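Have a look at the structure below before the remarks.
Chain letters run A, B, ... following the sequence lines, proteins first, then strands; residues in each count from 1. Just so it is clear, the structure is predicted and the values come from calculations on it, not from any experiment.
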Protein chains: 2
Amino acid sequence: MTTTRRAYRRESPANRRQDLVDATLTLLAEAGPEAATVRAIAERAGVTQGMIRHHFNGKDALVNAAYQAHMAALSEAIAAQVAAAGPSATARLTAMIRASVTPPVAESTGLSLWAGFLHLVRQSPAMAVTHEASYLAYRDQLQALLVEARQEAGNPLPEEEARALAIASNAVIDGLWLEAGALPEAFSPGEIFSLALASVGTLAGLTLTPS
Amino acid sequence: MTTTRRAYRRESPANRRQDLVDATLTLLAEAGPEAATVRAIAERAGVTQGMIRHHFNGKDALVNAAYQAHMAALSEAIAAQVAAAGPSATARLTAMIRASVTPPVAESTGLSLWAGFLHLVRQSPAMAVTHEASYLAYRDQLQALLVEARQEAGNPLPEEEARALAIASNAVIDGLWLEAGALPEAFSPGEIFSLALASVGTLAGLTLTPS
DNA sequence: GTGGTTGTCATACGATTGTATAGGGGCCAT
DNA sequence: ATGGCCCCTATACAATCGTATGACAACCAC
């Protein structure tokens with residue numbers, strides 16, 4: 001009875017790390033923090049559990065890396081759509097809103113992921129800093145686009161009102177993102193986007209169309 | 001060396017169950033799902049872990065009971081403030097908004113709790129039903145108040161617009177609740193409430209004042 | 001080819017998890 | 001005051017957790 005060792009391929013550390021991060025995010029989103037064990041993550045990534053300590057310092061480091069990768073992916077997805085919207089501030093604002101409430105940013109798995117990370121963010125100072133930074137970066141970008149769009153519409157936004165408008169606009173976008181993620185079947189396709197567009201338009205005193 | 005058994009008081013099953021539910025909610029909010037072990041819950045409640053299986057069927061049943069108790073407490077807190085606001089629809093709407101973005105409904109612990117429950121809600125059909133029901137009940141109440149308040153203002157709300165307005169108003173309230181919970185120090189006291197009031201007012205075409 | 005590097009598998013370890021069970025003791029009925 | 005109910009403590013249990021360690025083999029340099 002000779003037990004044969006399972007066949008495997010050598011991968012670059014970067015690829016292996018990416019696989020492990022992806023597996024962590026998938027598992028965290030689909031089955032929650034309690035199911036994201038080192039064994040489950042390793043199996044999902046197609047390797048054995050020893051790899052986690054080989055490529056990272058331990059489970060915490062892996063989860064931390066996964067969080068940063070996820071946040072970066074979201075920011076990048078939004079930035080790409082904004083950049084592709086052309087020079088018009090109104091068009092870029094519309095693109096940012098659309099990107100925020102449609103896949104891949106807005107998915108039910110994304111909400112689960114966010115929830116799974118929340119208590120980690122709350123307890124790890126390093127993750128809290130990352131979280132606050134990405135939230136404020138998003139809001140600042142939204143605020144800048146609101147100011148520009150109002151300028152473009154010939155109705156300049158007083159600076160002292162900009163912060164409140166950005167917070168409120170961000171809130172309605174986040175709230176719709178949340179509701180769509182929590183009850184995906186309670187809304188028809190595109191309904192969330194048109195609601196987000198109309199709501200931000202009303203709050204900002206702008207007429208926004210789906211372009 | 002005779003080890004003495006620890007002293008204890010007999011409690012009614014109802015009281016003990018309540019203690020265990022409270023301990024579960026506290027632990028879940030403060031330290032996350034991974035820290036809410038049966039031993040930690042029992043210690044927090046001042047009993048030994050055997051009590052969880054004695055008073056409930058197991059950990060899952062306890063967590064489920066805790067979720068229902070939490071949702072009921074939130075609904076009740078909001079309903080009480082709305083009922084205390086008097087007959088005016090505008091005043092009741094204002095009270096509902098205030099209750100939704102101030103303690104005890106809006107606390108950073110409440111957000112953690114919500115996040116901790118989310119993946120349970122997603123996997124347990126029974127909890128999913130409870131969740132959807134309480135969300136829709138909240139939104140329906142908000143929609144009814146919006147319709148009444150517009151009527152009261154002499155500017156009736158067309159029925160086909162009511163649903164969209166309720167969803168958007170709910171979203172901005174939820175979004176502000178979320179942001180205040182996630183970054184409690186990024187907002188001054190009362191700022192969230194006045195933003196919520198102003199935003200819903202703008203969306204609904206109503207002038208809402210803090211009463 | 002062939003040797004060396006190191007990515008990878010395999011296994012073991014102590015700690016902790018949720019659950020199960022046996023028996024002690026607080027408190028009410030009488 | 002005292003017997004009995006059942007609330008409660010205490011302990012044991014298998015399973016699983018994250019971590020640590022050592023041997024194997026894939027692949028590159030030469």
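In this structure, A:E34 and A:G50 both approach DNA chain D, and ranking their closest nucleotides by distance from the 5' end singles out A:E34. In terms of position along DNA chain C, the nucleotide closest to B:G58 lies nearer the 5' end than the nucleotide closest to the other residue of the pair B:A7 and B:G58.
Ion pair A:E148/A:R92 flagged as a salt bridge, since at least one NZ, NE, NH1 or NH2 atom sits closer than 4.0 Å to an Asp/Glu carboxylate oxygen. Under a 4.0 Å N-O distance rule, the pair A:R163/B:E191 qualifies as a salt bridge.
Comparing atom distances between the A:R10 side chain and each of D:dC7, C:dC9, D:dC27 picks out D:dC27 as nearest. Distances were taken from every side-chain heavy atom of A:H54 (C-beta onward) to each of C:dT6, C:dG25, C:dG18; the shortest belongs to C:dT6. The side chain of B:R39 has C:dG18 as its nearest neighbour among D:dG18, C:dG18, C:dG26. Nearest nucleotide to the B:V47 side chain, out of C:dT19, D:dT9, D:dC7: D:dT9.
Of the residues listed (B:L146, B:V147, B:L142), the one engaging B:L165 in a side chain to side chain contact (heavy atoms under 4.5 Å, CB included) is B:L146, and it is the only one.
The interatomic distance linking A:D19 (CG) with C:dG7 (C1') rounds to 14 Å, in whole Å. D:dC17 atom P lies 11 Å from atom CG of A:L27, rounded to whole Å. With rounding to whole Å, A:E11 atom CD is found 11 Å from C:dC9 atom P. Atom C1' of nucleotide C:dG23 and atom CE of B:M51 are separated by 15 Å, given to the nearest angstrom. One atom, CD1 of B:I41, and another, C1' of C:dT19, lie 14 Å apart when rounded to the nearest Å. Remark: C1' of C:dC9 and OH of A:Y8 are 7 Å apart, rounded to the nearest angstrom. Atoms CD1 (A:I52) and C1' (D:dC17) sit 12 Å apart, rounded to a whole Å. Protein atom CZ of B:R6 is 8 Å distant from nucleotide atom C1' of D:dT9, rounded to whole Å.
Proximity of B:R53 to the phosphate of C:dA20: a side-chain N or O atom is located under 4.0 Å from OP1 or OP2. Considering only side-chain N and O atoms, B:R5 lies nowhere under 4.0 angstrom from the phosphate OP1 or OP2 of C:dG25. Between A:R16 and C:dT8 there is a side-chain polar atom (N or O) within less than 4.0 angstrom of OP1 or OP2. OP1 or OP2 of D:dC8 has at least one side-chain nitrogen or oxygen of B:H55 nearer than 4.0 Å.
There is no side-chain donor-acceptor pair under 3.5 Å between A:T26 and A:R44. Inspection of the B:S100 and B:Y138 side chains reveals an N or O donor paired with an N or O acceptor under 3.5 Å.
Within 4.0 Å (heavy atoms only), B:Q49 reaches at least one base atom of the nucleic acid. Residue contacts shown for B:T48 include a base, since a base heavy atom lies under 4.0 Å away.
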